[in-house]
Amino acid sequence: MTIVSFLAQQTMIFSIPLLVVALGALFSERSGVTNIAMEGIMVLGAFAGVLFMKTFQTALPGQPIFILSLIVAGITGVIVSLLHAYASINMNADQTISGTAINTFAPAFAIYTARMIQQVQQVSFKNQFQIKEVPILSKIPVIGGMFFTNAYISTYIGIALLILAWFLLYKTKFGLRLRSCGEFPQAADSVGINVYKIRYAGVMISGLLGGIGGLIFVVPTSTNFNASVAGYGFLAIAVLIFGQWKPVKIFFAALFFGLMKTLASAYSAIPFMLALNIPSNFYKMAPYIATIIVLIFTSKNSQAPKACGTPYDKEQR
C-alpha cells in the first residue's frame, strides 16, 4: 500500500463522520434552529448503535448488523433531537442553552446506562465491517486502492447522503420551504408555510444524521465505546461554518479537517513527518489549531441563515 492510498483511506474514515454530522446541522440551521447539540446526539446515537450491535452481532453477519445499528443510531438521534426541537420551537428557549444541556446530559446518561446493564461503562464490539476489496472497483488504477480497498460501507453511505442533501435542499419544495424558514420565517408563514413543522423536520433530520454520524465515527476507529466522540460534534459545527451552510462546500471542508486529523493520528507512518522529530502533542493539537485559524479568517464572511437562532412566534408577525 502506498502512502497516498493509506492517507486517502484514513482521511475518508475521519471525514465521513464530519460530513454526515455537518449535513445534519445544516438542515437544522437552514430551518432557523441553531443546533450545537450535535455532540450529545452523536454520543447517544453511537451508544444505542453500539449496544444494539453488541447484543445482536453473534446472530447476524457483518454488514447487515452494521446497517441495522446505523438505523438504531439514527432513530435515537431523532428522539434526542425532539427534546431540542420542543425547547427551541415550542418553548422559545435559548437554543444554545438547550443544546448545551443535551451535550452535558448525553455522556452521563450513556455511562450510567452502560454500568446498569453490564457493570462497566465501556461497551465493546467486534469490528468485522471493513471491506477488504470492493469487487471490480478496487481494480481501477489509482482510485481503486484509495477508495475501494480497506473501506467501510459508511463511506459510500456518507457520499449518498451528501447527494441526497443537495437534492433535497435545492431541487424540492421541502428544501425551498426549509431555506425560507431559516431566512425569513414571517414571509414563509404569510404564504401558508407552517414554520413550526418545517423547523421540527429540520431538527429531526439533524438528529437522524447526528446519530448515524456518531456510530460512523466510532466503528472504524475503535472496538469499544466510552461515551465520547472526541469533540467531533463541535468540529462538525466548525465544518458547517467553514462550508458556508452549503452541502458541496461542507464536503470539501470535511475533507480538509479529515486530512488534518489523519496527519495528527498517523504521522508516525509517514517517513517525512516522522523525520521532523516534532513532539506528538503538536500533531494532536494541529486539527483544532487549524479549526481556530480557519474560523478566524472565514467567520467574517459568514453566510449563516438570517433567522438562525431566532425563535419564531406566530402571534408576533
Side-chain angles (χ1 to χ4, degrees), residues 1-23 42 46 49-50 53 61-67 69-70 73 125-163 209 212-225 229-232 235-236 238-239 242-243 247-248 250-276 278 280 283-284 286-288 290-291:
M1 180 191 301
T2 66
I3 292 296
V4 174
S5 295
F6 172 74
L7 288 177
Q9 293 168 6
Q10 293 299 305
T11 298
M12 296 308 291
I13 286 175
F14 288 115
S15 296
I16 293 300
L18 282 177
L19 171 65
V20 172
V21 178
L23 288 174
M42 286 184 72
V50 169
M53 186 184 297
Q63 301 307 324
I65 189 63
F66 188 21
I67 293 172
S69 298
L70 288 173
F125 63 95
K126 183 185 294 184
N127 189 340
Q128 55 186 26
F129 310 115
Q130 190 176 61
I131 302 171
K132 295 300 181 182
E133 289 186 350
V134 177
I136 301 176
L137 296 178
S138 62
K139 305 302 181 182
I140 299 175
V142 184
I143 65 171
M146 296 169 65
F147 302 111
F148 300 108
T149 60
N150 299 322
Y152 288 84
I153 194 172
S154 54
T155 297
Y156 313 121
I157 291 174
I159 299 301
L161 288 173
L162 169 66
I163 297 170
L209 297 183
I212 290 173
L215 188 59
I216 287 177
F217 168 75
V218 171
V219 168
T221 58
S222 179
T223 55
N224 62 74
F225 178 66
V229 289
Y232 249 51
L235 194 55
V239 168
F242 186 30
V248 176
I250 287 173
F251 171 67
F252 288 110
L255 286 180
F256 170 76
F257 286 108
L259 177 61
M260 294 299 298
K261 191 74 175 175
T262 296
L263 295 177
S265 63
Y267 71 93
S268 59
I270 305 173
F272 167 74
M273 297 182 68
L274 190 62
L276 295 176
I278 297 175
S280 61
Y283 290 113
K284 293 177 181 178
Y288 305 100
T291 301

Where is the tightest heavy-atom contact between [X] and [Y], given as atom of each residue plus distance?
X	Y	result
Tyr156	Ala151	OH-CB, 3.3 Å
Ala46	Phe225	CB-CE1, 3.8 Å
Ala236	Leu18	N-CD2, 3.7 Å
Ile13	Pro220	CG2-CB, 3.6 Å
Met12	Pro17	O-CD, 4.3 Å
Ile250	Val239	O-CG1, 3.6 Å

Please test Phe125 against Val218 for side-chain contact (heavy atoms from CB on, under 4.5 Å), starting from the C-alpha separation and ending with a verdict. CA-CA 11 Å; Phe125 63 95; Val218 171; 4.0 Å; yes
For the side chain of Tyr232 and the backbone of Phe14, is there at least one donor-acceptor N/O pair under 3.5 Å apart? yes
Is the side chain of Ser138 donor-acceptor paired with the backbone N or O of Pro135 at a distance under 3.5 Å, no angle test? no
Is the shortest side-chain heavy-atom distance between [X] and [Y] below 4.5 Å?
X	Y	result
Asn150	Lys132	yes
Glu133	Phe148	no
Phe129	Ser154	no

Working to the nearest 0.5 Å, report the span between CZ of Phe251 and CD1 of Ile16. 6.5 Å
Measure the spacing between CD1 of Ile157 and CZ of Phe66 and express it to the nearest 0.5 Å. 6.5 Å
For [X], all residues meeting side chain to side chain contact (heavy atoms under 4.5 Å, CB included), sequence neighbours excluded:
X	answer
Ile140	Leu137, Ile143
Ala73	Leu215
Ile131	Gln63, Val134, Ile153
Lys126	Gln57, Gln128

Report all side-chain donor-acceptor pairs from residues 253-263 shorter than 3.5 Å, counting only partners two or more places apart or in another chain.
from   : atom 1 : to     : atom 2 : distance (Å)
Lys261 : NZ     : Tyr288 : OH     : 2.9
Thr262 : OG1    : Gln10  : O      : 3.3
Thr262 : OG1    : Thr11  : N      : 3.2
Thr262 : OG1    : Gly258 : O      : 2.9

Tell me, please, which residues at least two apart from Asn224 pass side-chain hydrogen bond (donor to acceptor under 3.5 Å, both in side chains). none
